[in-house]
Every structure is written in C-alpha cells, then in structure tokens.
Amino acid sequence: MAVLVLLRSPLPRLGVLLQRCWGRLERGLWPGVFGGQNPPWGPAVAVQGPVLVPQGINGAGESSAEPPSLLESVVWMAAPKQRRTIEVNRCRRRHPTKLIEIKRNIDVCPECGNLKQKHVLCGYCYAKVKEETRLIRMEIYKKKGGPFNAPAVETVVLYEGEKPTEKDEGKQIIERARKRPSWFVQN
Amino acid sequence: MRLSVAAAISHGRVYRRFGLSPRSRLDLLRNLVTALVRHERIETPWARADEMRGYAERLIDYAKRGDKDERAMRMADFWLTEKDLIHKLFKVLAPRFQPHPGSYTRMLQIPNRDGLDRAKMAVIELKGNPLPPLVRPRRDSDKTLLNQLLKGYRQDAQRAAAA
C-alpha cells in the first residue's frame with residue numbers, strides 16, 4: 001500500500017545549498033577553504049577548446065595513451081579492484097541475516113485441521129464464517145428494501161425450525177433457509 | 001537546547017499517517033467507522049483497523065451520553081456520513097454497550113490479502129453483533145492432568161458433603 005506523503009523537509013534546500021557552495025568553490029570565490037592557494041583543481045595545462053577532442057584533429061603530437069577529459073573531471077568513481085572469489089561470495093550470500101527466517105509459529109487449527117499461524121485466524125474457518133455473513137447480509141438487505149435504511153433495532157438470525165424466544169422481543173428477525181451450522185451457537 | 005524536532009525522527013508519535021493529508025486521513029477513518037457501525041464487522045488492512053478502533057470506541061462513549069447531548073450529536077453527525085446510522089448508534093449500540101465500561105470492539109488478524117500486495121489484514125467487529133462468531137472459545141479437554149485432579153477434588157467434596 002503506497003503512502004503518498006508530502007514532506008516539508010530541509011533536504012531540497014540542503015541540496016541547493018551544496019550546489020551553491022560547490023559553484024563558488026569551483027570559481028575560486030571561497031579562498032578561506034584552502035588558505036589562499038590556487039585551487040588545486042584548476043587545469044595544470046590550460047587547454048582551449050572542447051575537452052573531448054577526436055584523435056585525428058590533434059595529430060601525432062599527443063600520445064594516444066593519454067586518457068581524454070582527465071584534466072576537467074575530478075570525479076573519481078569507485079570500482080572494484082579485484083574479482084570477488086566464490087568463497088567470499090558464499091560467505092556473504094549465506095550469512096544468517098540474509099537467509100529467510102523459518103517460522104516456528106505454525107499450528108493445526110483444532111476445528112478444521114488446516115494449518116494456521118498461532119496469532120492469526122484459520123483461513124478456512126474464516127472463509128466459512130465470511131460466506132455465512134454474506135448470505136445473512138443479503139437477507140438483511142432484502143428486508144430493508146432500500147440502500148440507506150439501517151433498522152433502529154437489534155437483529156437476530158434464526159435458522160430452520162427455530163422460534164424467537166422472549167429475549168428476542170423487539171428485535172428484527174432474519175430468517176436463513178438452512179439448518180443451523182454447528183459452529184454458530186445460539187444464545 | 002533543541003526546540004524543534006529534526007525531520008525523519010518520529011519518536012513518540014502515536015497517530016499513523018494515511019492518505020494524502022491529515023484531512024484525508026480523517027475522511028478515510030470516518031468511512032471505516034461508518035462502515036463498522038453499518039455492518040458491525042469489517043475486514044480492512046490491520047493498520048487502518050488499529051487506527052480506527054480508538055475513534056470508534058470514543059464515538060460509542062459519546063453516544064452513551066444520550067442523544068439529547070449537543071456534543072454527542074455533533075460528533076455522531078461528523079463521524080457517520082450516512083445519517084440513518086445516527087439513529088442506529090443512539091438507539092441500538094448505546095443501550096447494547098451501556099453495561100460495559102469500555103472495549104466495545106474486537107480486532108483479530110486474518111491471513112494476508114490475496115492480491116499482489118499481501119497486506120496484513122484484520123477483521124474488526126463490534127461485540128454483541130448478531131453475526132456468526134469468528135472464534136469459538138475452546139475449553140481444555142477433560143483428559144488433561146489439571147482437569148482430572150479438579151474433577152477428583154469435586155467428587156471428593158461432593159462425597160464429603162453427602163456423608
């Protein structure tokens with residue numbers, strides 16, 4: 001269930017602030033940082049023109065082993081130096097925190113015999129109750145006659161061959177045309 | 001001394017965030033409370049049921065004050081969007097829960113939803129509803145040691161009383 005949240009956080013302002021600081025550092029307008037030295041990321045050799053120059057135009061003057069765009073880009077990206085061996089990989093992949101936890105809270109439902117988690121209702125029994133509830137609600141709707149006519153009295157559900165007792169005096173009677181199920185105890 | 005909270009720390013916050021905005025959260029919970037009062041048993045994601053439970057119980061506490069009370073009527077008018085349920089609340093639910101001091105709802109967890117999200121679902125119901133019960137209370141079998149000892153004690157007491 002995705003939750004859309006509008007966060008008023010200072011994080012975008014932080015990003016904008018960082019961008020401004022970086023811009024000023026690049027332009028050398030923040031001498032306090034390096035104590036007045038030349039900014040170390042200025043080009044050692046002033047190169048006019050585009051950085052990424054195709055080899056053919058420059059001619060044989062430049063050695064082909066020189067990597068292009070070294071002088072302008074200071075951003076070094078991290079990359080693995082060595083291949084991780086399968087032993088190291090196994091240690092990481094099979095660490096106990098990465099394995100799926102085994103559930104020890106699965107039991108047998110005493111009513112139907114299906115499996116259930118201890119703190120959760122049995123799926124089969126709940127489906128039975130849900131179906132019966134749906135049929136009872138259909139009967140209630142038929143009796144009401146309209147969509148928004150909730151009765152202002154209590155309701156009682158009676159099955160075949162049952163009579164309303166004196167406790168069900170002012171209540172609305174809902175008849176279900178079947179035998180009373182064993183799990184629905186009348187009281 | 002820090003006088004304002006930093007973002008992304010929510011220590012001690014009790015109310016969950018739902019929907020698009022705080023008003024939308026209240027509308028969502030209001031719909032759920034209306035559905036609960038109408039159907040007396042609903043199935044919904046666990047977090048929503050948990051959040052809604054407090055509001056539903058407070059609404060019933062307000063309804064117990066009686067429908068002559070101005071505040072109670074205003075609360076019921078806000079929280080129940082379908083106005084025929086206000087009659088049901090004051091005439092059916094308030095008398096039903098008059099003897100009980102609190103805890104008018106029961107919330108139980110269900111197997112996760114069948115859809116793609118496998119959401120944790122709960123069923124929340126008002127106690128004393130006419131629908132079939134969700135959980136049958138199980139008594140321990142008579143064959144357990146404790147129950148056999150208690151049975152023996154009762155028989156001894158009866159024999160002593162008869163003699």
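In what follows, chains are A, B, ... by sequence order, proteins preceding strands, each numbered from 1. As a basis for the values below, the full set of heavy atoms in this structure was taken, side chains included, without hydrogen atoms, waters or symmetry mates.
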(request) Begin from the C-alpha positions of Val123(B) and Tyr126(A) and carry the test side-chain contact (heavy atoms from CB on, under 4.5 Å) through to its verdict. (result) CA-CA 10 Å; Val123(B) 59; Tyr126(A) 178 66; 4.1 Å; yes
(message) Report which part of Val37(B) has an atom under 4.5 Å of a heavy atom belonging to chain A: side chain, backbone, both, or neither.
(response) neither
(message) When you compare the side chain of Pro110(A) with that of Arg138(B), does any pair of heavy atoms fall below 4.5 Å?
(response) yes
(message) So for Lys116(A), is it side chain, backbone, both, or neither that comes closer than 4.5 Å to the heavy atoms of chain B?
(response) neither
(message) Between Ile110(B) and chain A, with a heavy-atom cut-off of 4.5 Å, which part of the residue counts as in contact: side chain, backbone, both or neither?
(response) both
(request) Find the one option among Val185(A), Thr133(A), Val157(A), Ile136(A) whose heavy-atom pairs under 4.5 Å with chain B are most numerous. (result) Thr133(A)
(request) For the residue pair Leu134(B) and Cys125(A), establish whether any side-chain heavy-atom pair is separated by less than 4.5 Å. (result) no
(request) Would you indicate whether Arg118(B), at its atom CZ, is surrounded by more than 12 heavy atoms from other residues, nucleotides or ligands within a distance under 6.0 Å? (result) yes
(request) Determine whether Phe78(B) and Met75(B) fall in the same hydrophobic cluster, where Ile, Leu, Val, Met, Phe, Trp and Tyr are linked whenever their side-chain heavy atoms lie under 4.5 Å apart. (result) yes
(request) Could you grab the distance from atom CG of Leu131(B) to atom NZ of Lys130(A), nearest 0.5 Å is fine? (result) 13.5 Å
(message) When you group the ILVMFWY residues by side-chain heavy-atom contacts below 4.5 Å and let the links chain together, are Met73(B) and Leu59(B) in the same group?
(response) yes
(request) Report, as yes or no, whether the 6.0 Å neighbourhood of atom CG on Asp114(B) holds more than 12 heavy atoms from other residues, nucleotides or ligands. (result) no
(request) Verify the cluster assignment for Ile140(A) and Leu126(B): are they in a single hydrophobic cluster under the rule of side-chain heavy atoms below 4.5 Å apart? (result) no
(message) Measuring from atom CD of Glu154(A) to atom CG of Leu93(B), what distance do you get when rounded to the nearest 0.5 angstrom?
(response) 7.5 Å
(message) Are the side chains of Gln117(A) and Gln109(B) in contact, using a 4.5 Å heavy-atom criterion?
(response) no
(message) Just so I know, are the side chains of Val129(A) and Arg41(B) near enough to count as touching, which here means a heavy-atom distance under 4.5 Å?
(response) yes
(message) What part of Val153(A) gets within 4.5 angstrom of chain B, counting heavy atoms only: side chain, backbone, both, or neither?
(response) backbone
(message) Are more than 12 heavy atoms, taken from residues, nucleotides or ligands other than Arg178(A), located less than 6.0 Å from that residue's CZ atom?
(response) yes
(request) Heavy-atom pairs under 4.5 Å with chain A are the metric here; pick the option from Lys83(B), Lys91(B), Glu82(B) that has the most. (result) Glu82(B)
(request) Could you tell me whether Glu101(A) atom CD has more than 12 heavy atoms of other residues or ligands within 6.0 Å of it? (result) no
(message) Tell me if a side-chain donor or acceptor on Arg137(A) pairs with a main-chain N or O of His39(B) at a distance below 3.5 Å.
(response) yes
(message) Test of understanding: clusters of I, L, V, M, F, W, Y form through side-chain heavy atoms closer than 4.5 Å, transitively. Do Leu80(B) and Ile124(B) belong to the same one?
(response) yes
(request) Between chain A and each of Pro111(B), Pro132(B), Pro133(B), count heavy-atom pairs under 4.5 Å; write down the option with the most. (result) Pro132(B)
(message) Is it true that, when you exclude Arg16(B) itself, more than 12 heavy atoms of the residues, nucleotides or ligands shown sit nearer than 6.0 Å to its CZ?
(response) yes
(request) Check whether more than 12 heavy atoms from other residues, nucleotides or ligands sit under 6.0 Å from atom CZ of Arg104(A), and answer yes or no. (result) no
(message) Can you tell me which portion of Pro181(A) sits under 4.5 Å from chain B's heavy atoms? Options are side chain, backbone, both or neither.
(response) neither
(message) When you compare the side chain of Phe184(A) with that of Arg136(B), does any pair of heavy atoms fall below 4.5 Å?
(response) no
(message) Any non-hydrogen side-chain atom of Val156(A) less than 4.5 Å from a side-chain atom of Pro130(B)?
(response) no
(request) Check whether Trp79(B) and Ile42(B) end up in the same hydrophobic cluster, where Ile, Leu, Val, Met, Phe, Trp and Tyr are linked by side-chain heavy atoms less than 4.5 Å apart. (result) yes
